[in-house]
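Data first, discussion second: the structure below is written as structure tokens.
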Protein chains: 2
Amino acid sequence: MNGLHIDVKDCSQCPIRHRAVCSRCEPDELETLENIKYYRTYEAGQPILWSGDHMEFVASVVTGIATLSQAMEDGRTQMVGLLLPSDFIGRPGRERAPFDVVAVSDVTLCCFRRRPFEEMMTQTPHIGQRLLEMTLDELDSAREWMLVLGRKTAREKIASLVLIIARRDSSLRRKLPADGMTFDLPLTREAMADYLGLTLETVSRQISALRKTGTIRLEGKRHVIVPDLDALISETGDDYDGGMIA
Amino acid sequence: MNGLHIDVKDCSQCPIRHRAVCSRCEPDELETLENIKYYRTYEAGQPILWSGDHMEFVASVVTGIATLSQAMEDGRTQMVGLLLPSDFIGRPGRERAPFDVVAVSDVTLCCFRRRPFEEMMTQTPHIGQRLLEMTLDELDSAREWMLVLGRKTAREKIASLVLIIARRDSSLRRKLPADGMTFDLPLTREAMADYLGLTLETVSRQISALRKTGTIRLEGKRHVIVPDLDALISETGDDYDGGMIA
DNA sequence: GCGCGACATTGACCAGGATCAAAAAGGTGC
DNA sequence: GCACCTTTTTGATCCTGGTCAATGTCGCGC
């Protein structure tokens with residue numbers, strides 16, 4: 001089971017699609033929306049939420065990719081989450097966003113106004129249970145990522161990220177890895193660097209290194225072919241196949 | 001509100017205290033326990049759970065300190081959580097432990113047999129709600145730690161860790177920081193290194209450096225005095241006072 | 001007190017990744 | 001096609017933190 005499936009009663013007029021230039025631009029419009037559930041789209045590169053923003057809604061990603069990240073005053077930034085379709089944004093019970101959320105590609109969110117959503121949660125316990133399960137999964141992957149950030153070499157970091165993207169991609173398409181896995185990197189070199197705690201130059205160098213040894217092949221800048229998945233796995237530093245998707 | 005407060009009906013014979021040499025040593029004894037809730041103690045240094053272990057119980061820490069960590073085959077290890085009194089161990093709905101749990105000091109756990117606990121959760125929704133809240137908090141702190149691991153210098157990492165320990169300590173004692181905050185480091189240099197993605201030598205060097213500039217003072221190896229909290233905060237790289245406890 | 005072992009500090013040297021800089025490769029609009 | 005801009009690659013050099021090794025400190029049992 002992927003994502004959070006919720007039936008909202010008075011949802012006849014959904015989906016309402018409206019486009020926002022910036023998450024802070026139209027609080028009034030948002031405030032006057034009477035329905036609980038609505039859709040919202042963002043263009044690639046647009047901010048969805050800034051850390052500290054008042055959160056009017058919780059949402060789940062319908063299409064596109066967004067990132068969750070944290071920035072220091074001097075510009076150093078660390079990505080702390082990658083949001084793919086079916087991932088959840090926001091926290092019932094919290095007023096303010098703890099991190100920045102940015103659309104990497106064009107993104108459609110399915111939003112729920114926060115207050116009504118919280119009420120709904122108290123009435124239908126399975127929503128809370130499902131949300132707990134999803135949050136625990138996120139916590140586990142955050143902790144796995146801490147190992148990558150704290151202990152892996154640049155080479156291992158890159159291999160780990162490529163592997164994660166490969167797996168997520170093939171699980172999204174429900175296509176099991178065949179002889180030659182092939183997929184697109186959804187992130188720029190800089191975004192990969194922010195995910196891995198590296199500089200973009202190092203990311204580029206290590207991708208080139210993996211290419212030179214034949215572990216991956218590239219078509220253009222973004223399209224990746226993995227001829228031998230085991231070879232890639234052995235570059236990650238984890239020797240066994242930890243979290244292979246079913 | 002700290003921790004998870006649960007009333008168990010037939011708890012007249014609690015607490016049952018029994019001591020385990022190893023979490024894997026006495027499945028039979030555990031299996032035959034009829035009550036839902038029981039206490040269990042571990043000595044400093046003992047493993048509580050190995051990654052992959054079958055989890056018979058969920059628990060919350062009553063006294064002592066435990067760590068959650070992840071190891072690579074070659075010995076590199078990364079701590080991914082620090083469990084203090086009132087923190088929760090385990091995951092309803094999961095058979096196996098995802099990480100290693102080790103007692104750093106003597107630890108007492110309040111355990112709940114997993115199956116009955118899960119049933120209890122479906123019946124009393126506030127337990128699930130509270131657990132969701134705690135899990136979201138843990139997720140936030142894991143993500144904040146990702147910034148430390150990925151982007152901070154060794155010096156900033158040490159300052160961040162000392163600050164976190166200082167705050168947790170003063171919040172546990174409900175004693176607000178006075179002119180000279182004073183507390184013990186509960187971790188060895190090596191454990192700090194595993195938390196921060198550093199080597200123990202670097203930890204030692206950076207603690208010495210903070211001592212030489214007067215940011216902290218040491219009495220013995222473990223006892224720390226922070227004469228000026230702001231000076232310490234400015235060493236963390238976060239310029240503003242992000243998550244100061246109430 | 002003495003000796004032992006665990007933990008911590010300090011030093012010398014090295015290397016992986018950062019930094020600074022320049023060139024190359026794609027896209028996109030005209 | 002061509003010019004322009006963004007993204008990426010590659011190169012040269014530097015520096016933080018890792019590695020290897022020695023020394024110091026503390027606590028504890030005898």
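Note on naming: letters A, B, ... go to the chains in the order of the sequence lines (proteins, then strands), and numbering restarts at 1 for each one.
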Query raised in the report: When all nucleic acid strands are considered with a 4.0 Å heavy-atom cut-off, which category describes A:Arg155: base, sugar-phosphate, or nothing?
Result: nothing

Report summary line: d(B:Leu82 CG, B:Arg168 CZ) to nearest 0.5 Å is 5.5 Å

Report summary line: Footprint ends on DNA chain C, 5' to 3', for atoms under 4.0 angstrom from a heavy atom of chain B, come out as C:dA8 to C:dA12

Report task. Return the 5'-most residue of the pair B:Thr188, B:Arg205 with respect to DNA chain C, ranking by each residue's nearest nucleotide. Result -> B:Thr188

Query raised in the report: Could you state the CG-P distance from B:Asp74 to D:dT19, rounded to the nearest angstrom?
Result: 10 Å

Query raised in the report: Is there a donor-acceptor contact under 3.5 Å from the side chain of B:Thr236 to the main chain of B:Asp238?
Result: yes

Query - Spacing of OG1 belonging to A:Thr77 relative to CD belonging to A:Gln70, to within rounding of 0.5 Å - result: 9.5 Å

Report task. Let me have a per-nucleotide readout for nucleotides 23-29 of chain D, 5' to 3', with B, S or -, counting only protein heavy atoms under 4.0 Å. Result -> --S----

Report task. Nearest whole angstrom, please: distance from the P of D:dG18 to the CZ of B:Arg76. Result -> 12 Å

Query raised in the report: Would a 4.5 Å heavy-atom cut-off, applied to side chains only, mark A:Thr67 and A:Phe99 as touching?
Result: no

Query raised in the report: With nearest nucleotides of DNA chain C determined for A:Thr153 and B:Arg222 from heavy-atom distances, which residue corresponds to the more 5′ nucleotide?
Result: B:Arg222

Query - Whole-Å distance separating the CD atom of B:Gln206 from the C1' atom of D:dG17 - result: 9 Å

Query raised in the report: Are side-chain heavy atoms of A:Lys157 and A:Thr202 found at a separation under 4.5 Å?
Result: no

Report summary line: Atom CD of A:Glu190 and atom P of D:dT9 are separated, to the nearest Å, by 13 Å

Query raised in the report: Is the side chain of A:Glu156 donor-acceptor paired with the backbone N or O of A:Thr153 at a distance under 3.5 Å, no angle test?
Result: yes

Query - Touch class at under 4.0 angstrom, heavy-atom based, for A:Ser208 against every strand present - result: sugar-phosphate

Report task. Drop me the distance from B:Thr182's OG1 to B:Ile216's CD1, to the nearest 0.5 angstrom. Result -> 12.0 Å

Query - Distance in Å, A:Asp87 CG paired with A:Leu109 CG, rounded so as to fall on 0.5 Å steps - result: 11.5 Å

Requested in this report: Tell me what B:Ser204 touches on the nucleic acid: a base, only sugar-phosphate, or nothing, going by heavy atoms under 4.0 Å.
Outcome: base

Report task. Output the residues of residues 195-203 of chain B in contact with DNA chain C, where contact means a heavy atom of the residue under 4.0 Å from an atom of the strand; sort by number or write none. Result -> B:Leu200, B:Glu201

Query raised in the report: Under 30°, 30 to 60°, or over 60°: which ring-plane class applies to A:Phe57 and A:Tyr38, parallel, tilted or perpendicular?
Result: perpendicular

**Report entry** Main-chain N/O of A:Arg151 paired with B:Arg76 side-chain donor or acceptor, under 3.5 Å
**Finding:** yes

Report summary line: Nearest heavy-atom approach of A:Phe183 to A:His223 is O-ND1, 3.4 Å

